[in-house]
2 protein chains.
Amino acid sequence: MIDARLITLRVFARCGTIGATAELTGYSPSAVSAQLRELQRMLGMQLLTKDGRGVRLTATGRFLVAGSDSLIAEWESLRAAAMEAGDQVQSRFGLGGFSTAAAQLLAPLAATLRSTRPLLEVQVLEANPARCFDLLVAERIDLAVIVAMQSDTYIEDDPRFEQTVLLDDPLDVIIPADHPLASRETVTLEELASEPWITEAAGSTYHALFTAAFTAVGVTPRIAHEAVEWETQIAFVGAGLGVGLLPRLAPLHSTENVVRLRISGKGRPSRRIVAAVRRGSIASPLIQESLGILQDSAHRILTARPEDDR
Amino acid sequence: MIDARLITLRVFARCGTIGATAELTGYSPSAVSAQLRELQRMLGMQLLTKDGRGVRLTATGRFLVAGSDSLIAEWESLRAAAMEAGDQVQSRFGLGGFSTAAAQLLAPLAATLRSTRPLLEVQVLEANPARCFDLLVAERIDLAVIVAMQSDTYIEDDPRFEQTVLLDDPLDVIIPADHPLASRETVTLEELASEPWITEAAGSTYHALFTAAFTAVGVTPRIAHEAVEWETQIAFVGAGLGVGLLPRLAPLHSTENVVRLRISGKGRPSRRIVAAVRRGSIASPLIQESLGILQDSAHRILTARPEDDR
DNA sequence: GATAACCGTGCACAATAGGTGCATGATTGA
DNA sequence: TCAATCATGCACCTATTGTGCACGGTTATC
């Protein structure tokens with residue numbers, strides 16, 4: 001409803017280059033370039049300036065993008081209200097998410113929607129959290145389930161999105177099956193202070209969460225190895241290279257020669273799983289129904305856990 | 001910026017038929033029909049229903065149109081702010097107006113803009129007040145100078161428009177040059193109570209103003225003849241058929257065998273001349289400049305009048 | 001300081017959204 | 001019953017808007 005060119009401009013404002021904007025919106029770079037040129041012509045405003053080998057927004061451009069936040073939100077809100085008032089049905093619905101955790105929530109959501117709303121075209125895109133937000137802005141998806149590290153600066157106040165906490169996913173410790181502590185049910189991080197740790201490379205959000213968990217209990221872990229995928233980390237642990245942290249929702253197959261222990265004591269780290277939508281759209285019947293389904297799934301996951309871990 | 005189809009829907013909401021919408025927007029009826037069909041498809045909402053040989057808005061449609069008022073206003077406001085912030089120039093500017101009174105204000109405005117902003121394409125459309133509002137909604141024009149009868153219910157609170165009073169245009173009495181009172185400078189309506197009057201047909205806004213003026217002084221005029229155009233009315237008066245009321249801004253050529261007298265006493269009727277713009281757009285530099293020019297013109301007209309008539 | 005990589009843009013061409021005009025069907029009023 | 005009014009479908013056409021590729025300018029690397 002809002003001109004596609006303005007949406008493109010907003011995406012450009014997020015990623016800064018024409019090429020990335022093209023990739024994100026699904027257009028070719030030439031098309032993005034032409035769209036932005038046309039937008040400037042029709043508004044009679046100069047929105048972009050050459051900057052080195054790229055382009056950047058002018059002050060007017062930034063102003064327009066900033067101001068368009070509330071415009072988009074108002075449209076989403078109006079559409080949601082009209083859908084609700086008229087008991088109308090949406091035809092396309094895009095979902096975004098990342099990691100097995102998100103998949104565990106998105107899969108039942110998509111399945112349920114497919115049965116309750118047979119006419120609805122549901123599309124699921126796998127993308128990391130940052131890209132999910134980009135895809136929301138680009139209107140490629142309408143709802144995203146993302147895994148936010150607890151230490152992240154929480155962007156609840158972003159004028160473009162509204163977020164709903166679904167559940168907190170605690171991190172467990174994984175140690176080799178032949179480790180002296182392997183028969184325990186719970187451990188404290190202090191007890192594992194001298195172990196060689198396996199984590200992700202510094203700079204990743206998981207790494208930030210990792211260190212935050214240890215600083216909370218006043219311990220400095222010795223980082224022995226680095227792994228990106230949970231699977232890799234589990235394999236390292238199974239090979240006796242060290243110990244690591246693993247989110248509760250990440251599956252651990254019994255064949256792995258690795259045991260999972262809950263963390264007791266203070267400083268129990270967790271990831272926060274939230275649903276994000278474009279601001280204003282949260283009143284839409286479809287979004288409401290989806291959030292309900294997601295929260296049911298989250299509740300089912302929570303009730304399957306030991307009481308003190310919820 | 002807001003999708004043209006929504007604008008079309010809004011125009012339809014005002015005039016009720018596809019044909020009228022087509023005429024007002026400049027499209028063909030088929031195009032309007034197709035646009036509205038496409039709009040419903042893309043929103044997944046049923047906005048129209050068959051109603052006899054025409055169509056009418058559904059509840060959802062009315063809801064959407066009502067809610068879109070603030071959306072349009074916010075966009076206009078954003079565009080205006082961006083134009084001002086970036087010191088940018090607009091390329092097209094549509095003006096609307098009706099009657100010689102409006103023309104006297106619009107002509108100098110268009111002329112001034114043409115010299116101060118040579119790149120600006122100024123288009124002037126002559127249209128009666130109701131149509132001017134329609135044209136504003138349809139985004140065919142950006143500013144309208146309209147003549148509102150004082151008795152009209154004043155639509156200042158319409159969420160779609162913002163209005164600025166330019167000046168009040170008093171009505172004078174015109175009488176034949178050989179009338180006994182012709183040498184006077186001013187008359188009261190009471191003095192002319194027994195004269196045969198010429199006015200417009202009952203039901204017109206001018207007729208409403210006419211009767212309001214007389215009821216204010218407790219006189220019931222005898223309506224002898226009816227005329228639509230001022231020119232016709234002047235000719236009738238010149239022919240000695242009766243007397244009439246004529247706005248100060250309506251030109252009276254000396255060859256007409258008619259004299260113009262100001263009305264003294266209470267109940268001096270007048271028309272109100274106002275400038276109307278889409279809500280939100282009033283902050284735009286171009287609108288601001290235009291309103292300034294219009295007010296200058298109005299001021300010049302006022303200062304040319306006797307003091308007690310301003 | 002040459003060269004490669006990157007980024008945006010212009011151009012030829014293609015697809016398709018979106019327009020017009022006319023014919024048709026449905027409904028209402030004379 | 002007939003004419004007038006209104007919306008819509010269809011055939012056709014236009015022009016907007018997309019793609020793919022080549023090119024020029026800028027930055028980073030060796």
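Computed over heavy atoms, backbone and side chain alike; hydrogens, waters and symmetry mates excluded. In what follows, chains carry the letters A, B, and so on, assigned in the order in which the sequence lines appear, proteins first and then strands, with residues in each chain numbered from 1.
- Ring geometry for Phe133(B) against Phe161(B) counts as tilted: the plane angle lies between 30° and 60°, on a 0 to 90° scale.
- Side-chain atoms of Gln46(B) do not come within 3.5 Å of backbone N or O of Gln40(B) as any donor-acceptor pair.
- Remark: side-chain polar atoms of His207(B) are paired, donor with acceptor, to backbone N or O of Glu200(B) under 3.5 angstrom.
- The CG-C1' distance, from Leu36(B) to dA7(D), rounds to 11 Å in whole Å.
- Closest of all the heavy-atom pairs between Ile7(B) and Ile2(B) is CG1-O, 4.2 Å.
- Put simply, the side chain of Ser33(B) never gets that close to the backbone of Pro29(B): no donor and acceptor are under 3.5 Å apart.
- The main-chain N or O of Ser70(B) is never found under 3.5 Å from a side-chain atom of Arg279(B) such that the two would form a donor-acceptor pair.
- Considering only residues two or more places apart in sequence or on other chains, Arg114(A) meets the side-chain hydrogen bond (donor to acceptor under 3.5 Å, both in side chains) condition with none of them.
- Between the side chain of Ser68(B) and the backbone N or O of Leu71(B) there is no donor-acceptor pair closer than 3.5 Å.
- Residues satisfying the side-chain hydrogen bond (donor to acceptor under 3.5 Å, both in side chains) criterion with Thr116(A), sequence neighbours excluded, are Glu289(A).
- dT9(C) atom C1' lies 13 Å from atom CD of Gln40(A), rounded to whole Å.
- Atoms CZ (Arg56(B)) and P (dT27(C)) sit 14 Å apart, rounded to a whole Å.
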Distances for protein N or O near nucleotides 15-19 of chain C N or O, under 3.5 Å:
unit_1	atom_1	unit_2	atom_2	d
dG18(C)	OP1	Arg5(B)	NH2	2.6
dG18(C)	OP2	Arg5(B)	NH2	3.1
dG19(C)	OP1	Gln35(B)	NE2	3.0

Identify all pairs in which a protein N or O lies below 3.5 Å from an N or O of nucleotides 21-30 of chain D, and state each distance.
unit_1	atom_1	unit_2	atom_2	d
dC21(D)	N4	Ser30(A)	OG	3.4

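- Taking Gln233(B) as the reference, nothing meets the side-chain hydrogen bond (donor to acceptor under 3.5 Å, both in side chains) condition, with sequence neighbours excluded.
- Listed by residue number, there are no residues of residues 17-25 of chain A with a heavy-atom contact under 4.0 Å to DNA chain D.
- Two residues, Val32(A) and Gly54(B), neighbour DNA chain D, and the one matched to the more 5' nucleotide by heavy-atom proximity is Gly54(B).
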